Amino acid sequence: MSEKTDILNLTNGEGERARAGQKQPKPAILGIPSGYIIFLMFCAVIFSFGAVLFKVLVAEQEAAAREIKSVSRVFENHKHKLLREMERYAASNAAYENIETHLSMEWIQSRFGVDMALDFKHAYTAVLDKDGDVTFAIDFHENSHPHVYTRQIGEQLEVTLSAIREKYRQGLVRSGGEVRFKGQLSDISGVDIVEIDGRPNIAAAFAIVPDPGGIDMTFASPNILLTFFEIDVIHLGDLLASLSLDNLEFVTEVPKDMISVPLANNAGNVLGYLAWYPMSRASSIIMSSIPILLISLGIILTIALLTMRQNAHARRSLAKRDQEALHTANHDSMTGFASRGYFQSLATKWLMVRTALHNRASVIYLDLDNLKQVNDIHGHAAGDQLIVEQARRIQKMLGSNGLIGRIGGDEFVILTDQWGAARPQQSEIEELFRILSLPVVFEDKQIETSCSAGIARFPEHGHKLPDLIRAADIALHRCKQEQKNSFRYYDDRMDEQLREQRELLIDLVAAIRGNEFELFYQPIVTAGTGEAVYYEALIRWRHPKRGLISPAVFLPVARDADMMPEIGTWVLERALADARAWDTAGVSINVCTSQIRKPGLAEQVADLLVENEFPADRLILEITEDLLMEESAETLQTIQSLRDLGIGLAIDDFGTGYSSLSYLHKFRFDKMKIDRSFVSRIGQEDEADTLVRSMLGLAKAMGMQTVGEGVETTEQKEFLVDAGCEYLQGYLFGKPAPLNELNHTETQKSATA
């Protein structure tokens with residue numbers, strides 16, 4: 001009520017009611033008393049505070065659960081990493097022979113007491129014999145303590161060791177009087193937690209088993225290699241390196257305010273805990289604010305201001321995260337270079353600026369030559385390291401003078417005006433490739449690497465990005481054809497040559513349909529007598545307009561077009577049909593890798609042998625070294641099926657590719673063909689002579705016969721004969737010739753095709 005109304009009421013004689021103590025109306029906001037408003041605000045603050053506190057507590061619990069899960073996962077991965085470290089020591093032919101076959105304590109001491117200790121640190125090592133007794137034991141200080149195992153560890157590991165022995169016996173099979181292990185290595189290994197002198201240790205066990213095998217085994221329980229790793233400061237430090245934690249310690253009782261992961265053995269007994277302070281402890285901070293909130297409502301304003309400030313910070317953080325997400329989407333996560341789509345967008349604008357300024361630039365299409373081989377040999381982690389290191393070198397070399405994009409697994413495109421002259425500085429380009437050809441270090445190993453590149457110039461070779469990349473790609477393709485680990489500048493003649501290759505491909509398709517191929521044969525003679533015992537089938541293409549085309553010209557085109565399996569099938573059919581009428585000589589046929597990868601090759605060869613009534617022992621299939629990189633089960637099965645037919649297998653062009661003793665052992669070839677590039681240097685270089693003798697010695701040691709290719713001089717022949725080469729091939733004994741020109745009298749053939 002207003003003051004004026006009060007005065008009027010008093011004037012009208014109603015002052016008694018006023019004097020009777022009529023209450024003054026309370027201040028109100030929108031008709032609601034201010035007290036209620038304050039109370040509601042206070043309740044709202046308390047409710048909001050409680051809600052925030054509840055959410056923080058829930059978030060802390062969830063964060064703690066995630067931390068527990070992460071620590072548990074990292075700890076489990078750490079245990080299995082220790083098993084993988086042991087595998088190359090326990091799964092070894094040498095370990096099996098020196099422990100099971102012929103016990104050698106000196107070898108055991110050297111291998112497990114010295115080599116393994118230097119390789120990865122462990123507290124205690126023991127070797128158990130097939131009866132479970134300790135054959136060898138040593139601790140980190142090289143003290144032998146067998147009683148440590150028998151007194152403290154044996155019973156704790158009994159379940160794990162029993163399972164390993166059972167799986168080992170189940171994996172033993174008898175075949176042809178021999179015993180082999182056919183089980184999985186993961187079945188004969190195990191890891192557990194044991195207690196030694198009151199401290200938990202990770203115990204890793206691995207049965208001693210031959211690998212790669214091929215040696216005599218006994219049908220008995222295994223010897224077992226044990227290693228123990230005390231969970232100490234060093235191990236905890238290794239775990240912390242993989243976690244976002246400030247501290248990690250082993251305790252028998254978990255202190256207040258810490259969270260933990262129990263360390264339990266396989267029997268479920270908890271031996272202690274890995275404990276740490278949780279990363280998120282915001283609830284304690286909020287709880288400390290309660291007294292301040294109860295002292296004055298003024299804190300409400302403070303909280304409101306803090307909330308606004310936090311909201312502003314959250315908006316800034318969100319904007320920053322959006323920027324980071326956009327950067328991640330537009331850039332390669334491994335190298336930091338622009339991704340394919342983003343690179344095209346940036347490059348288009350980049351070229352528009354250079355066009356407006358009338359500046360020149362270079363486009364470099366760069367490819368890592370050996371990424372697949374690195375992945376196959378050393379693993380994808382090594383391949384990733386190779387990519388990262390090469391990207392770092394490119395960035396360091398170019399600095400800020402360009403735009404770089406990773407547009408494929410091993411492909412980069414570089415736009416730079418650092419070399420923007422009509423022709424880039426040769427020395428600078430060569431320096432880039434020298435740097436990119438330096439070995440890359442991965443896990444203390446040097447990985448050899450190289451790059452190939454095609455270079456196009458802006459604006460001479462195009463004003464638009466697609467035209468420039470196409471030109472650089474053509475130059476790169478030419479580089480890979482002619483010589484890897486180099487670079488080529490684009491010129492218009494490359495386009496013409498590419499067009500010729502396309503025309504040749506069209507003619508090649510017609511050649512298959514029109515039966516324009518024919519086979520030439522070159523003799524392979526015995527080194528001692530010079531008698532031709534095999535003839536190698538060599539394909540030729542008699543083009544209706546171009547005449548006789550060398551396989552060096554059309555086979556690369558066929559290989560790129562994936563036509564080799566079809567051409568290879570034609571060669572097999574024709575060669576066996578030609579050789580069926582030969583009296584004694586055999587035929588040697590080249591088989592490409594793509595033929596072997598394609599299912600059904602062994603069945604096809606078997607059918608052709610039956611169809612032509614040709615003896616299997618007179619057929620040799622020559623396989624180039626690039627197949628040796630194929631270790632798939634399908635490839636190994638195809639090779640074995642071919643061997644089961646009774647035919648001979650020869651490794652062709654030996655020494656020019658990827659050969660290693662392990663590959664030769666796996667594929668088990670009958671013959672080794674020494675490449676002509678080595679034979680041609682005989683008598684000219686001492687190194688070449690030594691290398692050829694070494695190859696011949698290696699073949700003899702592995703039970704393979706040898707064929708020297710490209711023999712053109714008497715000196716080369718005499719050297720190979722003296723070095724023990726069984727067969728020779730080359731112009732000295734006969735050039736490749738059509739079937740109807742072979743000398744059948746000398747070779748004891750009646751070669752009517």
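Just so it is clear, the model here is predicted, and its values are computed rather than measured.
Residues satisfying the salt bridge (Lys or Arg N to Asp or Glu O under 4.0 Å) criterion with Arg165, sequence neighbours excluded, are absent altogether.
Rounded to the nearest 0.5 angstrom, Ser450 OG and Leu438 CG are separated by 11.5 Å. To the nearest 0.5 Å, the span separating CG on Asp410 from CG on Asp369 amounts to 8.5 Å. In this structure, CD on Gln395 lies 9.5 Å from CD1 on Ile414, to the nearest 0.5 angstrom. Once rounded to the nearest 0.5 Å, the distance linking CG of Leu351 with CG of Leu403 reads 9.0 Å. One distance of note links CD1 of Ile193 with CZ of Phe75; it measures 4.0 Å at 0.5 Å rounding. Atom SG of Cys451 sits about 11.5 Å away from atom CD1 of Ile364, to the nearest 0.5 Å.
Listed here is the closest heavy atom pair of Asn201 and Ala123: OD1-CB, 4.3 Å. Across all non-hydrogen atoms, the minimal contact from Gly409 to Ile387 is O-CD1, 3.5 Å. Summarising the geometry of Asn93 relative to Pro212, their closest heavy-atom pair is OD1-N, 3.7 Å, with the distance given to 0.1 Å. The nearest pair of heavy atoms linking Glu85 to Tyr89 is O-CD1, 3.5 Å. Taking both residues in full, the closest heavy atoms of Val191 and Ile202 are given as CG2-CG2, 3.6 Å, listed atom of the first, atom of the second, then distance. Here the closest non-hydrogen pair linking Phe337 and Ala391 is CZ-O, 3.4 Å.
With hydrogens and angles ignored, the 3.5 Å screen pairs no side-chain donor or acceptor of Glu411 with any backbone N or O of Tyr365. The closest donor-acceptor contact from the side chain of Arg199 to the backbone of Ile231 lies under 3.5 Å. Side chain of Ser339 to main chain of Asn330: a donor-acceptor pair is present (N/O by atom type, distance under 3.5 Å, no hydrogens or angles). Of the possible donor and acceptor atoms, none in the side chain of Asp473 sits under 3.5 Å from a partner among the backbone N and O of Ile469. The main-chain N or O of Asn266 is found under 3.5 Å from a side-chain atom of Asp192 such that the two form a donor-acceptor pair. Using modelled atom types, one side-chain atom of Gln156 and one backbone atom of Glu195 make a donor-acceptor pair closer than 3.5 Å. At least one donor-acceptor pair under 3.5 Å links the side chain of Asp129 to the backbone N or O of Asp131. Arg406 places a side-chain N or O within donor-acceptor distance of the main-chain N or O of Gly408, the cut-off being under 3.5 Å.
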* Yes or no on salt bridge (charged side-chain N to carboxylate O under 4.0 Å, His left out) for Lys79 and Glu76, after CA distance, side-chain angles and deciding distance? -> CA-CA 5 Å; Lys79 292 194 296 185; Glu76 287 300 315; 2.9 Å; yes
* To do: Could you walk me through whether Tyr124 and Leu226 pass side-chain contact (heavy atoms from CB on, under 4.5 Å), step by step?
  => CA-CA 8 Å; Tyr124 181 76; Leu226 298 172; over 6 Å; no
* To do: Show your working on salt bridge (charged side-chain N to carboxylate O under 4.0 Å, His left out) between Arg84 and Glu87 and close with a plain yes or no.
  => CA-CA 5 Å; Arg84 292 194 298 272; Glu87 180 178 330; over 6 Å; no
* **Working for side-chain contact (heavy atoms from CB on, under 4.5 Å), residues Asn375 and Lys372** => CA-CA 5 Å; Asn375 284 333; Lys372 182 179 184 302; 5.7 Å; no
* To do: Output, in order, the C-alpha distance, side-chain angles, deciding distance and verdict of side-chain contact (heavy atoms from CB on, under 4.5 Å) for Leu366 and Leu436.
  => CA-CA 11 Å; Leu366 189 145; Leu436 294 179; 3.6 Å; yes
* **side-chain contact (heavy atoms from CB on, under 4.5 Å) between Thr227 and Leu82, intermediate numbers included** => CA-CA 9 Å; Thr227 53; Leu82 299 178; 5.9 Å; no
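The closest side-chain heavy-atom distance from Leu128 to Val134 is below 4.5 Å. Taking the side chain as every heavy atom from C-beta outward, Thr160 and Asn265 never approach each other to under 4.5 Å. Two residues are said to be in side-chain contact when any heavy atoms from C-beta on lie closer than 4.5 Å; Val209 and Ile188 meet this criterion. By the 4.5 Å heavy-atom criterion applied to side chains, Thr125 and Phe228 are not counted as neighbours. Residues His378 and Ile447 meet the side-chain proximity criterion, which asks for heavy atoms closer than 4.5 Å. Using a 4.5 Å heavy-atom cutoff, the side chains of Met116 and Leu225 are in contact. In this structure the side chain of Ile99 never reaches within 4.5 angstrom of the side chain of Thr135, judged on heavy atoms. In this structure, Ile259 and Tyr273 have side chains that are not in contact, with every pair of non-hydrogen atoms separated by 4.5 Å or more.
Surrounding NZ of Lys167 are at most 12 heavy atoms belonging to other residues, nucleotides or ligands under 6.0 Å away. Within a 6.0 Å sphere centred on CZ of Phe136, other residues, nucleotides and ligands contribute more than 12 heavy atoms. Heavy atoms of other residues, nucleotides or ligands lying less than 6.0 angstrom from NZ of Lys182 number 12 at most.
The pair Glu389-Arg393 counts as a salt bridge, with a side-chain nitrogen and a carboxylate oxygen less than 4.0 angstrom apart.
Sorted by first and then second residue, the ring pair (Phe, Tyr, Trp, His ring centres under 6.0 Å) pairs involving residues 151-170 (not counting sequence neighbours) are Tyr168-Phe181. Sequence neighbours left out, not one pair with a member in residues 340-351 passes side chain to side chain donor-acceptor pair (under 3.5 Å).
Neither side chain, Asp367 nor Ser452, offers a donor N or O lying under 3.5 Å from an acceptor on the other.
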